[in-house]
Protein chains: 2
Amino acid sequence: MKRFVLIEQLLKDKGIRLTTQRRLVVRRAVSHLHFTAEELVADVRAIEPSVARGTVYRVLILLHEAGVLEKHDFWHGPPYYEVTFGKAHHDHLMCVQCGEIIEFQEPRWERLQEEVVKQHGYQLLSHTHKLYGLCERCQHVDPKRASKPPHLHVEEVVA
Amino acid sequence: MKRFVLIEQLLKDKGIRLTTQRRLVVRRAVSHLHFTAEELVADVRAIEPSVARGTVYRVLILLHEAGVLEKHDFWHGPPYYEVTFGKAHHDHLMCVQCGEIIEFQEPRWERLQEEVVKQHGYQLLSHTHKLYGLCERCQHVDPKRASKPPHLHVEEVVA
DNA sequence: CTAAAATTGAGACTGAGTCTCAACTAGATT
DNA sequence: AATCTAGTTGAGACTCAGTCTCAATTTTAG
């Protein structure tokens, strides 16, 4: 089953109307690994130019409220979004110099986490774990000569 | 030794000039646990109204580049900053409803982390680990009736 | 089919953060 | 201590992501 179909079902179950625009935005969002809001706006408009910016942003809020969208913030540049629905939970390791992002899983953390959360009487909804560092390549570049991080790339576009 | 003196030394060692304004901003920043940029601007100006907003933001960038400032982003509202210099590393557990923030330490994570990072040939610079959930109190409130998270409070002001 | 409710597009608006530039220091040099 | 100069500042214009407003449109319920 396609991921976007399941997400559409999820939204429907929450009583959210599935309009043509929303379907389109969801499908385009799902097709990227990481994307900025403006990239998504452009991407959607390439297909259907009449879709308003506001509509795209509103869908992002819906996805967030449905708990299937993560936001990754950096010092430079706009946040990147990621539709997490149907993906195994993973954490991120990023190079602060070149912007490379590595996704990885670490089940041992997940367990420790539950423990800590329960101790404080919390009900866990989500979590993010981000490691910042220098990748192999960038470790060998003189930091004084290195240019500012260019702005993080979108890793890959998947159908 | 006061924390801000050590931070000033750190900046000096990096060849950064210590102006009156910078000293003031650093001191005010250190005196809060978490703060927004605009809160810091207001706080600094309460003491020295002539300090420009730009100056405050520039100090935040310096602290960030010196690796002693963390930024915490949320969906609603502006990011919160935190001067981490001289504090034992800790992670955050936040209530998405009322904005309560709990700081905790978990040494077992730190070890696992190093492991993962090395596997990928990275040199670790920093990391953040954030858990989002509902605190005891908010678990018992009907989510439909609950108001949007008000905006996160600054926990406490320490001298 | 009609009415009520939700959604949309368009564009104005907000607010955090950045940039520009002339005036002004901090700190090195004498 | 006086001088020099590169780095810093204040003021305000500017940018840009994201939000809001509202009339027009679409959807769903009856």
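Chain identifiers are assigned alphabetically (A, B, ...) following the order of the sequence lines, protein sequences preceding nucleic acid strands; residue numbering begins at 1 within each chain. The figures here come from the full heavy-atom set of this structure, side chains too, leaving out hydrogens, waters and symmetry mates.
Going from atom CZ of B:Arg28 over to atom CG of B:Leu40 covers 8.5 Å, rounded to the nearest 0.5 Å.
The phosphate of D:dT8 has OP1 or OP2 within less than 4.0 Å of a side-chain N or O from B:Arg22. Regarding contacts with the backbone of D:dT8, every side-chain N or O of B:Thr20 stays at 4.0 angstrom or more from both OP1 and OP2. Contact check, A:Thr19 against D:dT26: no side-chain N or O comes under 4.0 Å of OP1 or OP2. At the phosphate of C:dT8, neither OP1 nor OP2 sits under 4.0 Å from any side-chain N or O atom of A:Tyr57. Within the structure, every side-chain polar atom (N or O) of A:Gln21 is placed at least 4.0 Å from both OP1 and OP2 of D:dT26.
Here C:dA6 presents its C1' atom at 16 Å from NZ of A:Lys12, a figure rounded to the nearest Å. Atom CZ in A:Arg45 sits roughly 14 Å away from atom P in C:dT8 (whole-Å rounding). The CG atom of A:Asp73 sits 13 Å away from the C1' atom of D:dG18 (whole-angstrom rounding). The nearest whole Å value for the distance from the CZ atom in B:Arg23 to the C1' atom in D:dT8 is 14 Å. Regarding B:Glu65, its CD atom lies at a distance of 14 Å from the C1' atom of C:dT18, rounded to whole Å. In this structure, the CG atom of B:Leu18 is 10 Å from the P atom of D:dT9, given to the nearest Å. Separating the CD1 atom of B:Ile61 from the C1' atom of C:dT18 is a distance of 8 Å, rounded to the nearest angstrom. Between B:Leu62 atom CG and C:dT18 atom C1' the separation is 14 Å, expressed in whole Å.
Taking every side-chain heavy atom of A:Arg17 into account, C:dT7 is the closest of C:dT7, D:dG18, C:dA16.
Put simply, the side chain of B:Arg58 and the base of D:dG7 share no donor and acceptor less than 3.5 Å apart. Applying the 3.5 Å distance criterion, the base of D:dG18 shares a donor-acceptor pair with the side chain of A:Arg53.
Annotation: of the two residues near DNA chain C, B:Pro78 and A:Ala52, the 5′-most nearest-nucleotide partner is A:Ala52. Place B:Lys71 and B:Ile16 on DNA chain C by their nearest nucleotides, and B:Lys71 ends up nearer the 5' end.
Ring-plane geometry between A:Trp109 and A:His129 is classed as tilted, the angle between the planes lying from 30 to 60 degrees on a 0 to 90 degree scale. Ring geometry for B:Trp75 against A:Tyr81 counts as tilted: the plane angle lies between 30° and 60°, on a 0 to 90° scale. Ring-plane geometry between A:His72 and A:His34 is classed as perpendicular, the angle between the planes exceeding 60 degrees on a 0 to 90 degree scale with a lower cut at 30.
Here the options are B:Leu62, B:Leu63, B:Leu69, the test is side chain to side chain contact (heavy atoms under 4.5 Å, CB included), and the partner is B:Ile7; only B:Leu63 passes.
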